[in-house]
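Quick note on labels: first sequence line is chain A, next is B, and so on, each numbered from 1.
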There are 2 protein chains.
Amino acid sequence: MDAMQGNNHDDVRRHNLSIILRLVHRDGAASRAQLTRLTGLNRSTIGALVAELAEHGLVEERTPDPTKLAGRPSPIVAASDRVVAIAVNPEIDAVTVGVVALSGVVHRRIRWAVSSVPSAAEAVSLTAGIVTELRRDLEQYSIIGIGVAVPGLVRASDGLVRLAPHLGWVDEPFCDLLAAATGLPVVAANDASLGANAERYFGAGRGMTDVIYLNGGASGIGGGLIVGGAVAGGLAGYAGEFGHTRVSSGSSTDSAGIAGTLEAEVTRAALLDVLGLRGSETDADALERALLASDSPVVRAEVARQLDFLAVALASAVNVLNPQLIVLGGFLAALHAADADRLSSAVGALALGAAFEGVQITPAQLGSNLLVIAAAELAFEALLLDPQTIVGNISG
Amino acid sequence: MDAMQGNNHDDVRRHNLSIILRLVHRDGAASRAQLTRLTGLNRSTIGALVAELAEHGLVEERTPDPTKLAGRPSPIVAASDRVVAIAVNPEIDAVTVGVVALSGVVHRRIRWAVSSVPSAAEAVSLTAGIVTELRRDLEQYSIIGIGVAVPGLVRASDGLVRLAPHLGWVDEPFCDLLAAATGLPVVAANDASLGANAERYFGAGRGMTDVIYLNGGASGIGGGLIVGGAVAGGLAGYAGEFGHTRVSSGSSTDSAGIAGTLEAEVTRAALLDVLGLRGSETDADALERALLASDSPVVRAEVARQLDFLAVALASAVNVLNPQLIVLGGFLAALHAADADRLSSAVGALALGAAFEGVQITPAQLGSNLLVIAAAELAFEALLLDPQTIVGNISG
DNA sequence: ACTAATTTGTTGAGGTGGGCAACGTATCAC
DNA sequence: GTGATACGTTGCCCACCTCAACAAATTAGT
């Protein structure tokens, strides 16, 4: 019952600043007049709030757009390009570091390839090096903090990486190490959960409150949930592991050693195999093109097989969560593109009619910027929650 | 983005009144001193807020408990016994109507048996009759409204009963009809979702934020979710249908005609069958006693078979939702009691280690009062959200 | 029993911040 | 130009929370 907190006047101010900053961050620039309508606040209040945000450098006021409407034009309020978060995404073959502005602009994206799977310590020192370099270039920018998208289970309470199977990390305090190395606040979460959130705000699920996101990677299937408008993390932040849902009575096992699961039956490797492609040379787009181009019955059969298994997992999720949107990323997007109708009708046959009513299945939209935007969003969260306090602690 | 609302001063007052009323409603009576600590508000503010709630008759202040502590004793604030909601639960063989006070006391529970499955119109007129009767007895009570727990899918936006398979109701505007017949505000939701909420606040899941609730009834398995501290309804309020999760490749079908689902494999009827019992004569307790008393290998095998299938569904749910508690009601509680260790280890074997860490599986606690409390809670929600406004609209 | 210490209710003053209304200003239409 | 429209700006008001001082009710110690 810790959420049972009383409100005082400071909370009102904080909440109102938070809402305005969120609006211009998530939905893009808006005129002051639009903000008054969206928030229901008085226009004099909006004026004061925007002035305060502008004073802190969080938003900028631009000259009004010509609107062809009568009346005094309203200045455009836009999230700052100079307030940035650093996004980090360690993977088996590279560490990606990005710089994303509060305005949504991706200033930089640096993919630093590594020859062998990086240990946590290596990833920290590599990242810290890149960050030091970046800070020299970003002297007139304000760096809010670092957000890390980890391909594994991250404990929500303290950012400890409990298990990142592909990286071989177990109980690595990546956050604390990186914070110590850079002196910046660091927050981490599961990559797929962050991806779900990013797609919800900036991609295919814009404005939606109940979204299921599944991402198919080279080594497994991860996912994230938006339930009732909030990222569902579960007790410890491990929610969203759709890959280990049982979908068949087969004996092939997944990365966790569990048999008959989605991750065991639906794999990128099997698709590449029937297509005669090499994984290392085939990105998501190439796979999709190859699938669409092929008319081999073997390929079609494998696509159908995988789609039917995917449908089992999705149908269960639809029954349990009654989402309005299912977003598929990675090779699952390619699979979906190969035969969208089959997937949709298979899910429809296995799900309750009412729960599936109005459910859309779409590919992810954010592409290669997804995890950069997603991780930066995590770092921005503290600022969006409390613009006044956070901005006070930043150099400038 | 409709949730992007600004806060003004009225909202502060409303929020603070709401929080205090919620605290004394959900966690029982508390002293003013405790309320100051829990809310973080100033004690003078608490005094004013409690006085306002007391003036409206929503809470009562009692003489302090002897606490053995130094200092001036703090009066106890308790939710009123006289402010009540009416709970309604239509079933195939009866309509149950209850009267529950804001204090949590169940004043009445009337189970009106019917000889044939009631139509929506019959259930409405039956309920309205009982309510009229009750209102005569409850003249000095304030009736907040009516909450209905429906064994089926209820559209969240308007309370339309989309589908209640066992009752044979399709698109029945039960809420509107009952509201017209009684003149009271009526809200409805799925019985299992409401049950999950009630167990969370008043039963096995007290104070928890991520709970999965599954209820085994005579004709199927329903469920509800608490995700991140809120009831997860999904887009239209249909979330929680665990019964149709696929758990086997068998061909037996469930009530929706889908094969190999939890509801098809795990049934009360099959348990009664191996026990040689009649369903109509066996309530949940009797079933549990019979299961515990039996040492027949046939019974043990059936219990094991059903538990293993239940484990498949629960493991998927654990992976996806990372809950802290799984609550089992109805015949699933009996099944759990018959061999709790088998269920727990089977789920553990199929779920990711980290996600299953710390997950408890327990039987439901609220027993026969569950749905009465659950439905009343739904009716109370409007009052708890805005004590000032709602109480103004009530007769007294 | 009396005093000291402790905790809490009560009261009145103070201040923060949003609403409001009047006024000023920038655009469009004619 | 002139009017209409829409919006920013300003000063005042007020709701409501905090704070500090004081009063009240209890326990512990002598």
Ion pair check, B/Glu381 and B/Arg26, cut-off under 4.0 Å: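 Judged by the 4.0 Å cut-off on N to carboxylate O distance, B/Glu381 and B/Arg26 do form a salt bridge.
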
Determine, for B/Glu60 against B/Arg82, whether the closest basic-nitrogen to carboxylate-oxygen distance falls under 4.0 angstrom.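 Salt bridge: no.
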
Rounded to the nearest Å, what distance is computed from the [atom1] atom of residue [X] to the [atom2] atom of nucleotide [N]?
X       : N      : atom1 : atom2 : value
A/Arg13 : C/dG15 : CZ    : C1'   : 14 Å
B/Leu17 : D/dA15 : CG    : P     : 15 Å
A/Leu35 : D/dA6  : CG    : P     : 18 Å
B/Leu41 : C/dT8  : CG    : C1'   : 16 Å
B/Asp11 : D/dC16 : CG    : C1'   : 13 Å
B/Arg32 : D/dA25 : CZ    : C1'   : 14 Å
B/His15 : D/dC17 : NE2   : C1'   : 14 Å
B/Ile46 : C/dT11 : CD1   : C1'   : 17 Å

Whether the [X] and [Y] side chains hold a donor-acceptor pair (N or O, under 3.5 Å, no angle test) is what I'd like checked.
X        : Y        : answer
B/Asn16  : B/Arg13  : no
B/Glu377 : B/His25  : yes
A/Gln324 : A/Thr209 : yes

With sequence neighbours left out, write down each residue that passes side chain to side chain donor-acceptor pair (under 3.5 Å) with B/Gln360, or none if nothing qualifies.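 Side chain to side chain donor-acceptor pair (under 3.5 Å) list for B/Gln360, sorted by chain: empty.
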
Identify, with sequence neighbours excluded, every residue that meets side chain to side chain donor-acceptor pair (under 3.5 Å) alongside A/Asp176.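 Applying side chain to side chain donor-acceptor pair (under 3.5 Å) to A/Asp176 gives none.
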
Can you give one letter per nucleotide of nucleotides 20-30 of chain C, going 5' to 3': B for a protein heavy atom under 4.0 Å from the base, S for sugar-phosphate only, - for none? B-B-BBBBS--

Quick one: is A/Arg37 getting a side-chain N or O under 4.0 Å of the D/dC7 phosphate, OP1 or OP2? yes

Taking only the side-chain nitrogens and oxygens of A/Asn16, find out if one of them lies under 4.0 Å from OP1 or OP2 of C/dG18.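 Checking C/dG18 against A/Asn16, a side-chain N or O does come within under 4.0 Å of OP1 or OP2.
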
Along DNA chain D (nearest heavy atom to each residue), the more 5'-positioned of B/Leu49 and A/Ser31: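 Result of the comparison: A/Ser31.
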
